[in-house]
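Just so it is clear, the values below take in all heavy atoms, side chains as well, and ignore hydrogens, waters and symmetry mates. Residue numbering restarts at 1 for every chain, and letters A, B, ... go by the order of the sequence lines.
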Amino acid sequence: MHSSGFLFARKDSAGRCLQERSYLIRIMVFLFVLLSIFACSNESPSAKSRPELQGNGDMGFGTIVAVGDSLTAGYGVDETEAYPALLEKRLLLDGFFFKVINAGISGETSSGTLSRIEWVIRSLNPDIIILETGANDGLRGVDPKVLEKNLDGIITTIQANGIGILLAGMKMPPNLGPVHTARFSKIYPRMANKHNIPLIPFFLESVAGDARYNLSDRMHPNPEGYRRILDTIYPYVLEVIKRRP
Amino acid sequence: MMIHPGFIRREIIRSSKQAMVFILCVGLSLVTLTAFSGFSKSIYQSLLHDARKLHAADIIIQSYETLSNPLSQAISEKVQEGSAELARYHEFYSVIRTNDDSTSVLSLLKVVEKGYPFYGNVVLKSGRPLHEVLTSGQTVVAPTLLDRLGLKIGDAIQVGYTSLTIQDVVLTEPDRPVSIFSFGPRVFIAAEDLDTLGLVQTGSRIRQVHLLKVNDSEQIDALAYGLRQVADLEREQVDTFQTTRSRIKRFHERFIFFLNLVGIFILVVSGVGIQSTLTALLNEKQYAIAIMKALGATNRYILVHYMMIVMLLGSIGMGAGILTGVFIQFGLVNLLSALLPPNTPFLIAWSGLAESVVLGILVVLIFSFLPLYRLRGMRPVMILRKDIPVLTRHWPVLASYGVFALFFFGLVFRHMQDIRFGLYFVAGVCGLILITMAITYGMLRALKGLHIRNLAIRQAVKGLFRKGGATQTIMVSLTTSLCVIFSIYLVEQNLDATFVKSFPQDSPNLFFLDIQPAQTAAFSKAMNQDVPFYPIVRARVTHVNNDAIDRQSERNKKRDNLARVFNLTYRHHLLDDEVIINGAGLFRSDWQEIQVSVLDTVIDMHPMDIGDTIQFNIQGVPLTARISSIRSRTKGSLRPFFYFVFEKDTLKSAPQTMFAAFRVSQEDIGPLQTRVVNQFPNINVIDLTETIRVFAGIIKKLSEIIRGFSVLSIFAGVLILISAVFATRAERITESVYYKILGARKAFVVKVFSLENLLIGLASSVLAVILSQAGTYVICRFVLEIDFRMFLTSCALMVAAAVILVNGVGIFSARSILEKKPITYLREQPDA
């Protein structure tokens, strides 16, 4: 036996490694095919621990547009640390090839969102819209009826275009007064029921008012806060993806 | 050694004009010192009083949560031991409703304890004190709240879980303008009602403020320091009224700093005047001194007697300066009373006065040294050779400059309390003088080499180089003093332009945000006027010339940067306070690509130029534009402005809101706000009336102070000029006589002297304008942080005025020279 790089090489009378080389090549081809089968599979070990819905390429791609105010835009943090960018990364890890576009505008009220929703739909061609708006209406003391009317108009427009929608609920700090905060917080469930759309009960769940998860203004989430927001909204995003026809 | 008082008296009488100028120079240096020493404390107290009023306390502790135990305990200890008084307030937004729930308005509540405010007053419409009115169950509100809710005094409002009765209307409060923007009218509530409001809960966003009034004002900083040591600085902020981040406060500090510079400059300029005048006086005595030495007088004898002349004249000058300074201090009571806190006594600051006397003596000694040292060079042989005494050794000059530099540095450090800045300042001034010397040297060399055909001009130019003449010294002195005067004037003009003119009568006081495009017609109709709308498209900058913006490093810059969201707009015209500083127009007709005009502020954030490209992200949609022009605007103006302006077609379809700003009379503000809210509930109205009033008022005061110092500095300049003319008096007399002997008429002599003065005046003033432009730029941009303008027309007028003044003073001072008859002069000569 000689060493020619192959373990089983034997020379023929002419010094050529024939039979064993052919055998090895067959083994390598078999291994290659086996590996190819595994490589083509979307299943990853970590996916086994994720929620039951797995992207498999059939429904796991498209465009999600995050429409909202500074909580969506990522005021005070880098855009890569705001929830839309985090959502895109998480979806990709789970095999959902969705592009998530950040269409948040700091300081915007629901009136502004209503004005531009058609432009968003026309320009960005979303498959799903995550609608997070109304916080600035509430903080500026705008009559909740105005917010409700605007939300109704926005959701109607989105649904008329056959786009999936996820509504993010919002609450107001108690200092604004019991009447205002109660009327405000009831709007979102009412809208979700009316239009039969999924609702995140409170977008800032476990983040609002906690200095650990907010910037120094105590109103806008910091990077850790946005990671918690992502944990809150992710199941609902998957639900909307599932609902897509 | 015997002192001869008669000799001293005769010498002074014979050189009475120079002696008078010497006295005036000494006096002026002390007038400035005395006035500024007294005024600076008064002005500083006045400005500090404004700062205290703006913060309502000496120490301000803020937090959005309950204070930590260590800080809370530390405050209690100070209050209990009597070092300070405490008053707390809670400030937060809440939606106030009418009792029948028909209307509501977002309001800014202030729930205050009895001590508030420690400084300044909350002015109520009834004229009563706040705490007389504000008791439990009552409230005091801003007028706009009554308008918005359709209520009047005596009606009730629902605040949180309780109902309060409106007792009065608040007109002004001392600490409101510090935070410019608020989204709702003010509502004052007594601290006793805080719990019944029921609004302080977990999750509430409430600013808790502890105000401390410190009984010994010298202890404020130490006490604040101690509190900071125990505070949780991540969530608790401890400031004094001097350290809070107040734009006004920072501006006051820089203003005092600038006045200190002015005071020091006037002192130095007066010192230069002392030196020039004394040189002129002693030049006239040179033959007399030479004769005295020939007759056996020793150097010591000469020096002692002339020292006594200097000290006598200096004492008279100091006395006159102190009296004048005190007189000015009392005489300007009316002006200062508007600036000072009430009941401020006008006492002479004896320690300040003593300091003035010591400084006056030092100034006289330092600036008299060189002229007196030159007395040693006045030898009897001069009578035969008609020599000019020169200093054969350089060490006296160097020593003199060295002492001057040390004195100057000591002065700067004494007033500025900053060694590093003192070094910069001294280096800057020395640099100024050296540059001036170099340029004047170059100018004179160039003039000397010119071949001039005209006789009068040729003689005037030759006059600049007369033996013993100190043309360069005169020009340096004139240039330096004119530079100071021009700089003060230009700074005042820039202050005036930036702040006072930024608040013209028609400047907008109401700003309307979030107007939707579909609402513009209805909004204009509701306002009963054509409203100028500014479209706003929100976007981020992602790339410049295809290089991605590094957001993290942008955010690390401690100033405006490209990492934030911008408001883009579109239009085809410039706003009233805008000018194009680069580019033929806003946009170019020969470019096909998308264009954008940028404000010069953007260039400060990131280097860019015409033709460069900027990529924007407009809510997920990229847009690349080419820079077509660069604009600038009046900084400090309250008119709306935009960093990026596009052509209409580029952005008119982009998602946008509208912004409007216009002026509304005070009495119409409330009804207008109500109309807007009822018809357009999504539109926010911001009222800046009070802010404008406070800012404009303060800056107007500061301009008046600078104007006062301008007058003093002009007076110093005139004295320099006169002393400069006297410095060359003897030589001019000789020339005048010789011209007349050779057949020239008086008119020719006047022409020659005028041309000479014209050359000196023109060269000095033009150089002074150039240097003052540079100095003013530094002061405006880096000290006062205001916009800089060149005011070239004013500069041209200043040059003309300086030239006329130099010529006028020169000819006026020389009229005795012009009247001198040749025969009289020749008879007076020692070797006739």
>> One pair to check against side-chain contact (heavy atoms from CB on, under 4.5 Å): A:Glu108 and B:Arg538. What are the steps and the verdict?
In response: CA-CA 10 Å; A:Glu108 185 182 66; B:Arg538 306 296 295 272; over 6 Å; no
> Any side-chain heavy-atom pair from B:Arg97 and A:His180 closer than 4.5 angstrom?
Replying inline: yes
> By a 4.5 Å heavy-atom criterion (distance strictly below it), what part of B:Thr103 contacts chain A: side chain, backbone, both, or neither?
Replying inline: neither
> Between A:Leu139 and B:Leu106, what is the shortest heavy-atom contact and its length?
Replying inline: O-CD2, 3.3 Å
> Between CE of A:Met172 and OH of B:Tyr93, what distance do you get to the nearest 0.5 Å?
Replying inline: 14.0 Å
> Counting heavy-atom pairs under 4.5 Å to chain A, which of B:Val621, B:Val95, B:Val105 comes out on top?
Replying inline: B:Val95
>> So, taking the atom named CG in A:Asn136 and the one named CG in B:Asn682, what distance separates them when rounded to the nearest 0.5 Å?
In response: 12.5 Å
> Are B:Gln619 and A:Trp119 close enough that some pair of their side-chain heavy atoms sits under 4.5 Å apart?
Replying inline: yes
>> Below 4.5 Å, heavy-atom pairs only: which of B:Arg540, B:Gln158, B:Gln519, B:Arg235 has the largest tally toward chain A?
In response: B:Arg540
> So, for B:Pro681 and A:Val146, which heavy atoms are closest and what is the spacing to 0.1 Å?
Replying inline: CG-CG2, 3.4 Å
>> Tell me which of these, A:Ser106, A:Ser110, A:Ser216, A:Ala208, has more heavy-atom pairs under 4.5 Å with chain B than the rest.
In response: A:Ser106
> chain B heavy atoms under 4.5 Å from A:Ala211: which part of the residue, side chain, backbone, both or neither?
Replying inline: side chain
> Checking heavy atoms, do the side chain of A:Leu147, its backbone, both or neither come under 4.5 Å from chain B?
Replying inline: neither
> Which residue out of B:Gln516, B:Glu234, B:Gln201 racks up the most heavy-atom pairs below 4.5 Å with chain A?
Replying inline: B:Gln516
>> Is there a side-chain contact between A:Ile105 and B:Pro655 in this structure, where contact means two heavy atoms from C-beta onward sitting under 4.5 Å apart?
In response: no
>> I need the residue from B:Val565, B:Ile206, B:Asp514, B:Ile618 with the largest number of non-hydrogen atom pairs under 4.5 Å to chain A.
In response: B:Asp514
>> Less than 4.5 Å to any heavy atom of chain B: does that hold for the side chain of A:Val100, its backbone, both, or neither?
In response: neither
> Within the distance-only criterion (no hydrogens, no angle test), does the side chain of B:Arg205 pair as donor or acceptor with the backbone N or O of A:Asp217 below 3.5 angstrom?
Replying inline: yes
> Between B:Ser204 and A:Pro173, is there a donor-acceptor pair closer than 3.5 Å when you use the side chain of the first and the backbone of the second?
Replying inline: no
> Would the number of heavy atoms belonging to other residues, nucleotides or ligands and lying under 6.0 Å from OH of B:Tyr534 be above 12?
Replying inline: yes
>> At a heavy-atom distance under 4.5 Å, which candidate from A:Gly209, A:Gly141, A:Pro174, A:Ala103 has the highest pair count against chain B?
In response: A:Pro174
> Does a sphere of radius 6.0 Å around CD in A:Glu118 hold more than 12 heavy atoms from other residues, nucleotides or ligands, not counting ones at 6.0 Å or beyond?
Replying inline: no
> With respect to chain B, which residue among A:Arg183, A:Lys171, A:Lys145 yields the maximal number of heavy-atom pairs within a distance under 4.5 Å?
Replying inline: A:Arg183
> Between A:Asp78 and chain B, which part of the residue has a heavy atom less than 4.5 Å away: side chain, backbone, both or neither?
Replying inline: both
> Quick check: does any side chain N or O of B:Asn684 sit under 3.5 Å from a backbone N or O of A:Arg140, one acting as donor and the other as acceptor?
Replying inline: no
